[in-house]
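Accompanying notes for the structure given below.
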Amino acid sequence: MLPPLTACRHGPPAALPANLIRVALDLPLPRLFDYLCPGVSSSDLGRRVVVPFGRKQMVGLIVELPTTSDMDPAKLRQADTVLRDIPALSADWLALAQFCASYYQKPLGEVVMNALPPRLRRTQALAAPATVWQITDAGRAALPGLSARSAAQRRVLEQLLDGARTAAACTPPPAAAVLARLRHNDWIAPLDAASHAQENSESGHLPRSADGGIGSGSGNEIGTKIRFDAGHTPNAEQSAAIAALQARLGSFSTSLLFGITGSGKTEVYLHLAAEVLARGQQVLILVPEIALTPTLARTLGQRFAGARIAVQTSAMSDMTRTRDWLAAQSGQADIVLGTRLAVFCPMPRLGLIVVDEEQDASFKQQESLRYSARDCALVRARNAGVPVVLASATPSLESWQHAKSGRYLRLDLTGRAHRQAAPPVVRMLDSRRYPPKDGLSEPLCEALQARLQRGEQSLIFLNRRGYAPVLACPACAWVSGCPRCSAHLVVHLGARELRCHHCGHLQRVPRQCPDCGNLDLQPFGRGTQRVEEALAERFPEARLLRIDSDSARGRDKLEGLLTQVRDGEADILIGTQIMAKGHDFPRLTLVGVLNADAGLFAADYRAGERLFAQLQQVGGRAGRAELPGEVLVQTRYPEHALFRALARHDYAGYAESALLERESAGFPPFVHEAVLRAEARVMRDATRFLDEAIRLAPADRDAVTLFDAAPMSLARLGGWERAQVVAQSGSRPALQQFLRAWSETLYAEAERNRAVRWHIDVDPIEY
Ligand code: ADP
Ligand code: ZN
Ligand code: ZN
């Protein structure tokens with residue numbers, strides 16, 4: 001309908017342009033952009049479109065086909081091309097993006113471009129995908145009998161046995177004639193058709209669950225090609241958890257699967273995934289670390305024969321990530337495994353979301369779109385009407401509180417699944433009684449010695465890489481500070497460098513004190529390199545292996561180091577948090593923890609929770625199989641409640657006391673928080689912006705408390721001074737409403753104040 005004349009703000013009432021599109025662009029502006037787009041149809045909603053913006057071309061997403069525009073019709077520009085290279089993004093997908101935009105106070109275009117794989121953010125369309133070939137049963141049958149003359153065909157078939165692939169992905173790529181012959185013989189088939197042909201010929205099916213209910217009635221053609229290797233028979237607790245979770249399939253719910261490392265949580269969600277796959281649905285599994293995906297992907301491949309597994313991490317090549325993303329979007333991929341960004345992977349048949357190690361900080365992105373993948377997973381699951389399983393040995397206090405209040409169903413696994421494996425014995429070594437020499441106390445050294453004699457492995461855990469956290473001059477007050485951050489430069493031995501672990505600043509270790517010329521500069525404290533040095537001196541016969549992000553730069557490098565450990569090529573490992581998670585080393589029986597006390601009295605109220613999780617995780621590395629494990633923690637505070645709970649393997653007890661503290665201090669999860677941060681070259685500009693922001697804040701905010709502007713704990717980062725204002729409320733909707741109104745004024749204020757960068761961080765975990 002045409003708007004009345006008076007409502008038309010721009011000039012004479014020209015005939016309204018048909019074929020309008022409303023586009024989300026990756027710009028820091030809280031609005032959408034209208035373009036003319038002749039020939040557009042409703043099937044283009046959710047497609048990428050290339051549009052002119054200023055003098056550039058940008059790619060955006062068509063999110064609406066409006067009938068009217070607020071823009072002056074004369075100024076409406078024409079879109080260049082609608083990219084129809086891939087299917088349009090679904091309404092579900094857009095709904096998730098829209099939720100993120102509104103909840104995290106970000107323009108929709110920024111959310112969309114953050115959520116798409118990088119290749120799909122480019123203005124060029126994807127080339128038409130090459131056919132993916134799969135071996136058929138006939139091909140499988142023919143393979144053993146192929147004569148030497150058919151070597152080229154044999155090579156292709158053998159590679160297809162390991163998984164479907166394009167001709168170009170075979171080595172060497174087959175000649176067209178070879179491919180034609182294989183096709184003619186029906187030994188290979190395009191992936192889609194093959195999966196249908198197979199569905200009736202495969203003998204193996206997913207096993208029926210105890211109640212006989214698996215996939216019954218809904219025997220979906222996609223699910224039935226998958227065979228699940230059920231592995232161990234689940235123990236009583238696992239069976240109970242599996243049954244409870246199975247009963248919740250098909251609608252939204254959140255369950256908290258709580259059990260120590262090795263209690264068999266993975267087993268539980270694999271069994272549940274089997275049921276979901278049998279129903280012909282897709283499973284999304286989120287893990288905190290890129291490093292965990294190869295191992296888990298391999299396990300999934302082994303346990304779910306015939307399932308197509310897509311991986312989504314930032315470490316993948318553009319093409320691989322896009323290919324897997326498209327496989328998920330088309331519904332071909334059965335399981336999507338990835339880090340936080342995988343929560344945005346489109347899955348039309350989604351049936352289950354698993355978030356493993358749900359408490360992990362890496363699920364929260366700390367830049368641009370500051371989303372929590374765990375929380376987005378819950379929203380996504382609610383929209384899709386499917387359950388979420390949060391798995392953890394040390395759940396976040398937020399999730400713990402939800403389980404207490406009954407919003408989440410808590411399922412406990414109390415023992416270790418592997419019958420012989422008892423939880424490790426955790427002991428505190430009082431540093432006052434056993435003063436460490438070069439960082440290592442006598443009882444720890446004795447324990448290391450015993451492992452060496454028995455041919456077992458040990459891990460020294462220290463969450464600080466480099467040689468020493470600071471270089472200092474004993475003659476004057478000089479310390480190695482980063483010129484761009486309020487942080488010390490860390491001494492690194494190999495290259496004799498000082499490095500900033502926050503901004504990457506690098507410089508040579510100075511020969512003398514820059515202030516007083518003293519030649520005797522001293523490293524203070526110790527990092528992994530220095531501990532390695534001390535261990536080498538103390539145990540000259542031991543084979544040492546340091547695993548931190550310096551020694552394991554690049555994914556393959558880490559895999560290589562971990563393989564060395566598994567192959568028994570190292571006696572003592574020195575590792576940072578990179579070693580704490582997921583990895584399973586059967587001969588590792590001792591974990592020594594250095595410098596744990598740093599986390600006890602940190603200003604950040606989440607530090608304790610994180611320390612507990614980390615120590616529990618790293619302790620979980622000890623004694624996974626037949627050999628009993630021991631964890632020794634060097635500390636000056638052996639009586640601290642956190643350590644005592646750790647020694648009792650009592651996360652529940654720790655969580656209860658930590659929640660009481662949070663409640664009385666008025667911290668999350670008992671209040672909801674958001675922060676407004678400002679960054680400027682000088683602190684005064686940042687705080688002035690924040691003071692102004694406080695002044696401009698919506699007046700009717702009974703339910704929201706605003707605190708004064710204050711510098712962040714790392715006040716200077718990469719040359720930017722940083723300050724923030726915390727907003728708290730007992731009501732999430734009230735906080736949301738407040739933020740929405742506030743951010744509108746802030747966009748206007750920032751226009752006037754170009755010296756400042758600002759953002760809102762909802763549910764922040766960094767202060
Ligand atoms: P989590 O995910 O809780 O760390 P996993 O599921 O990885 O635990 O199980 C730990 C180990 O115990 C694995 O090696 C797994 O194969 C084994 N395991 C799991 N469930 C059982 C079971 N019911 N019986 C025997 N071993 C099991
Ligand atoms: Zn000096
Ligand atoms: Zn720095």
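Whatever order the structure lists ligands and atoms in, that order sets their numbers, starting from 1.
With values rounded to the nearest 0.5 angstrom, Leu659 atom CG is found 4.5 Å from Leu397 atom CG. Rounding to the nearest 0.5 angstrom, the gap separating the CG atom in Leu257 from the CG atom in Asp412 is 8.5 Å. In this structure, the separation between CZ on Arg546 and CG on Leu561 is 9.5 Å, given to the nearest 0.5 Å.
Close contacts between ligand 1 and Gly264 involve ligand atoms 1 (P), 3 (O), 5 (P), 6 (O), 8 (O), 9 (O) [criterion: under 4.0 Å to a heavy atom]. Close approach of ligand 1 to Ile260 is summarised as follows: ligand atoms under 4.0 Å from at least one heavy atom of the residue are 3 (O). Applying the 4.0 Å criterion to heavy atoms of Thr233 picks out, from ligand 1, the atoms 22 (C), 23 (N). Counting atoms of ligand 1 from 1 in the listed order, those under 4.0 Å from a heavy atom of Thr261 are 4 (O). Counting the atoms of ligand 1 from 1 in the order shown, those under 4.0 Å from a heavy atom of Pro234 are 23 (N). The distance from ligand 1 to the heavy atoms of Asn235 drops below 4.0 Å at these ligand atoms: 23 (N).
Between the SG atom of Cys482 and the SG atom of Cys500, the angle centred on the Zn ion (ligand 3) amounts to 110° when rounded to 10°. With the Zn ion (ligand 2) as the vertex, atom SG of Cys473 and atom SG of Cys513 span an angle of 110° (nearest 10 degrees).
The distance between the ring centers of His492 and His501 falls below 6.0 angstrom.
Every heavy atom of Gly259 sits 4.0 Å or more from the atoms of ligand 1. Heavy atoms of Asp356 come nearer than 4.0 angstrom to ligand 1 in no pair at all.
Checking Thr394 against Gln616 by side-chain atom types alone, no donor-acceptor pair falls below 3.5 Å. Glu237 and Thr414 are linked by a side-chain donor-acceptor pair at a separation below 3.5 angstrom, with hydrogens and angles left out of the test.
When Pro586, Gly262, Ala391 are ranked by how near their heavy atoms come to atom 10 (C) of ligand 1, first place goes to Gly262. For atom 16 (O) of ligand 1, the candidate residues are His271, Gln617, His232; the nearest heavy-atom contact is made by His232. For atom 6 (O) of ligand 1, the choice among Glu267, Glu357, Gln238, Glu237 with the nearest heavy atom turns out to be Glu267.
Put simply, the side chain of Asp567 never gets that close to the backbone of Glu569: no donor and acceptor are under 3.5 Å apart. A donor-acceptor pair is defined here as one N or O able to donate and one able to accept, closer than 3.5 Å; such a pair exists between the side chain of Arg530 and the backbone of Gly525.
Here His505 does not reach the Zn ion (ligand 3): none of its N/O/S atoms is less than 2.8 Å from the metal. Among the atoms of Cys503, an N, O or S atom is found under 2.8 Å from the Zn ion (ligand 3).
Using a 4.0 Å cut-off between charged side-chain N and carboxylate O, Arg340 and Asp360 make no salt bridge.
Cation-pi contact between Arg677 and Trp758: absent, since separation from the ring centre below 6.0 Å together with deviation from the ring axis within 45° is not met.
For Lys265, heavy-atom contacts with ligand 1 shorter than 4.0 Å involve the backbone as well as the side chain.
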